[in-house]
Amino acid sequence: MNLLDEVRSLFRPALVAMSVDPAKIDDYVAMVKPAANADHGDYQANMSMALSKTLGKKPTDVAQAIIAALPANSLVDSATVAGPGFINIRLKTDWLVEQLQQIATDERLGVPTLASPKTFVIDYSGPNVAKPLHVGHLRSTIIGDSITRLLRFLGHTVISDNHLGDWGTQFGILLYGYKNLLDREAYEQNPVQELARLYKAVRILIKEAGGEDEEAIANPIAEKCRHETAKLHAGDEENLRLWNEFMPACLSELHSTYEKLGILTFNHELGESAYNPELPEIVAEQLAKGIAFDSQGAVVIPNAKGNIPQTKEELEKEDPPALIRKRDGAFTYTTTDLATVRHRVNVFHADVLLYVVDFRQSLHFKTLFAQAKRWGYTNVEFEHLSFGSVLGADGKPFGARKGAAPGLVELLEESLVLANKKYWESYKSRKEQGHDVPDLDETEISKIAENVGIGAVKYADLSQNRTSNYKFDPEKMLATDGNTSTYMQFAFARCRGIFRKANEPEERFRTNPPKVILGQPTERALALQLLRLPNALETAAAEYMPHHLTAYLWDVAKSYSSFNEQCPVLKAETPELRDSRLLLVDLTARVIHLTLDLLGIKTVERM
RNA sequence: GCAUCCAUAGCUCAACUGGAUAGAGCAUCGGUCUACGAAACCGAAGGUUACUGGUUCGACUCCAGUUGGAUGCACCA
């Protein structure tokens, strides 16, 4: 049950009755929204002003007419005209009470399952497996993880595929390092650590050899690394053997980081290497179909406009074509991405392909999607879910080339230590105040610190609009006050604390819920927020924007805190009121738990 | 040079896609605990939404231009 849709459904017949242009009714109905200001009621309808011209009446008269034409219903308490022609709607409290009772018995808390689910293939994280993850990898990984969870909860089939960078220049670096700088003993003891050391050591050598521009052709070390990569791609036996030896180590390192982050296991991890055998055939097919062309010794595909600009003048005016086979015969990531499209549609039967990748690749995806359509994938929806860069304190992006970005594992570790410290601070101050504070065992405390610490890092990122750039500020990321996961986890822990003290099984409130009494304004406000869950999830899913979930959580948790302040639960005046409030508390806990879970963040019973 | 994105309170960000008085959090100032958890609550202050025009009942949002920034632009991925 979606509150907003319920209200909107009343306006449709009213607008039809007023003979509004049928083609535009959807647009007008969409002008029913949650009230921007709670003083104006629960919902507001803004179509009267827009309609006034076509109907030739004053906006306020139009509003009156719409109100008069609303069908009989049990949910609207009052609909009044305000200002230049706004319609303010207040819902019947009795109706809210009924809805609360319904969602209490619903495992999905009122969120409907989709009538027509789709199959999504979502591509996110996609790290270079030879490098340790840094803060720049955080966004793709956790945004993708959250979108996967959300779409699945709504009922879609979501196949997650981690398109690993496992075949590129970074292996050339490892191969060069292995052949020239290896500490054999260290490698045998701990291959992952030694490979990481080699990787860093070679990067430093490259930097020293080439000065600022480490990719300069003149850089002898970089050249040797490229040579190793080329040999690998050409099937050189030794390099291939080493690649097979390195991969398990690299992957286990990567997976251990994912585990620390607490993200879902990928359904597939088909990296670049997986598609390598298909690439020659793909280029051949596209050439044969006349959708790829020889150009200057390479094979290219047209830009999104369908052109292949070649001269300097032409290239200055529009986007370049993309290479799918280089002059030297090697393939590019565009070729590989075309292979992934084919695989995801033909083998995974995707209806929608999602790519959670940095906004800097938007030109690449624009070109890729256009080519995929020319190739025949016209019934598939392509979405590049781009996100902004991670910026340093100076406001400049952490270029992958600068290599100065803080490591992800270190950041998580730092957050965890801080959360542990906060726990003991809280423990101490509560003891001093005479609270009855249980002495938890060490494993439980470290579990709490982990969930709070990791949650803080994830939430800080997910709570921002993904399209904007992201200033990496450890202090803000590790903050535990304000709009943070800690606040939500705290609200949840308080809910659970009440139930512990009440000594009541939650089951009673979920199988045979008591009648809710919405006497206090804070009770009603909380109830309304709880009922808005389906709407929040739909909004977040429609735009693949997890920050709508955090905004909703923040509203719920704030409403709960105010309620908690003003409405005693266990000491409520009557048993009926106590029951009513216990139900609200249980629902709040369930809503917070669910929404945090969709963000990939865990709750804790105590903190 | 061309293209994409961006510019909102001191700082970090919202604004449900064109609606009422542009909202939060930090930071600042003031008020709340013999306790259902103060990791909290209540309040104050803080704005010419970069600038200039335009579109219309109505613009942070759409259009044009200006300034400033980020990013991308054929053999890295």
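Naming convention: chains lettered A, B, ... in sequence-line order (proteins, then strands); numbering from 1 in each chain. Everything numeric in this text was worked out from a predicted model, so none of it was measured.
Taking atom P in both B:A74 and B:C13, one finds a spacing of 31 Å when rounded to whole Å. Only the P atoms considered, B:U12 is 25 Å distant from B:U67, to the nearest whole Å. Atom C1' of B:C62 sits at a distance of 11 Å from the matching atom of B:U17, rounded to the whole Å.
For A:Asn564, taking side-chain heavy atoms from C-beta onward, the closest of the listed nucleotides B:C36, B:G37, B:C76 is B:C36. Side-chain proximity of A:Lys501 to the nucleotides B:C75, B:C16, B:C36 is greatest for B:C36. Comparing B:A14, B:A40, B:A39 against the side chain of A:Tyr423 picks out B:A39 as the nearest. Closest approach to the A:His547 side chain among B:A40, B:A14, B:C76 is made by B:A14 (side chain taken as heavy atoms from C-beta onward). With B:A20, B:C57, B:U12 as the candidates, the nucleotide lying closest to the side chain of A:Asn88 is B:A20. Residue A:Lys33 places its side chain closer to B:G19 than to any other of B:G19, B:A40, B:C33.
The glycosidic torsion of B:U52 lies more than 90° away from 0, which places this base in the anti conformation.
Using a 4.0 Å heavy-atom distance criterion, A:Pro320 is classed as a sugar-phosphate-only contact. A:Met31 comes within contact range of no nucleotide atom at all, as no heavy-atom separation falls under 4.0 Å. As judged by a 4.0 angstrom heavy-atom cut-off over every strand, A:Leu391 is placed among residues making no nucleic acid contact.
Within the structure, every side-chain polar atom (N or O) of A:Ser468 is placed at least 4.0 Å from both OP1 and OP2 of B:U12. Between A:Lys558 and B:A24 there is no side-chain polar atom (N or O) within less than 4.0 angstrom of OP1 or OP2.
The aromatic ring of A:Phe490 does not stack onto the base of B:A40, failing the criterion of a centre distance under 5.5 Å from the six-membered base ring together with planes under 30° apart.
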I'd like a list of close polar pairs between nucleotides 62-65 of chain B and the protein, N/O only, cut-off under 3.5 Å.
none

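Along RNA chain B, the nucleotide closest to A:Asn469 and the one closest to A:Ser562 are compared, and the more 5′ of them pairs with A:Asn469.
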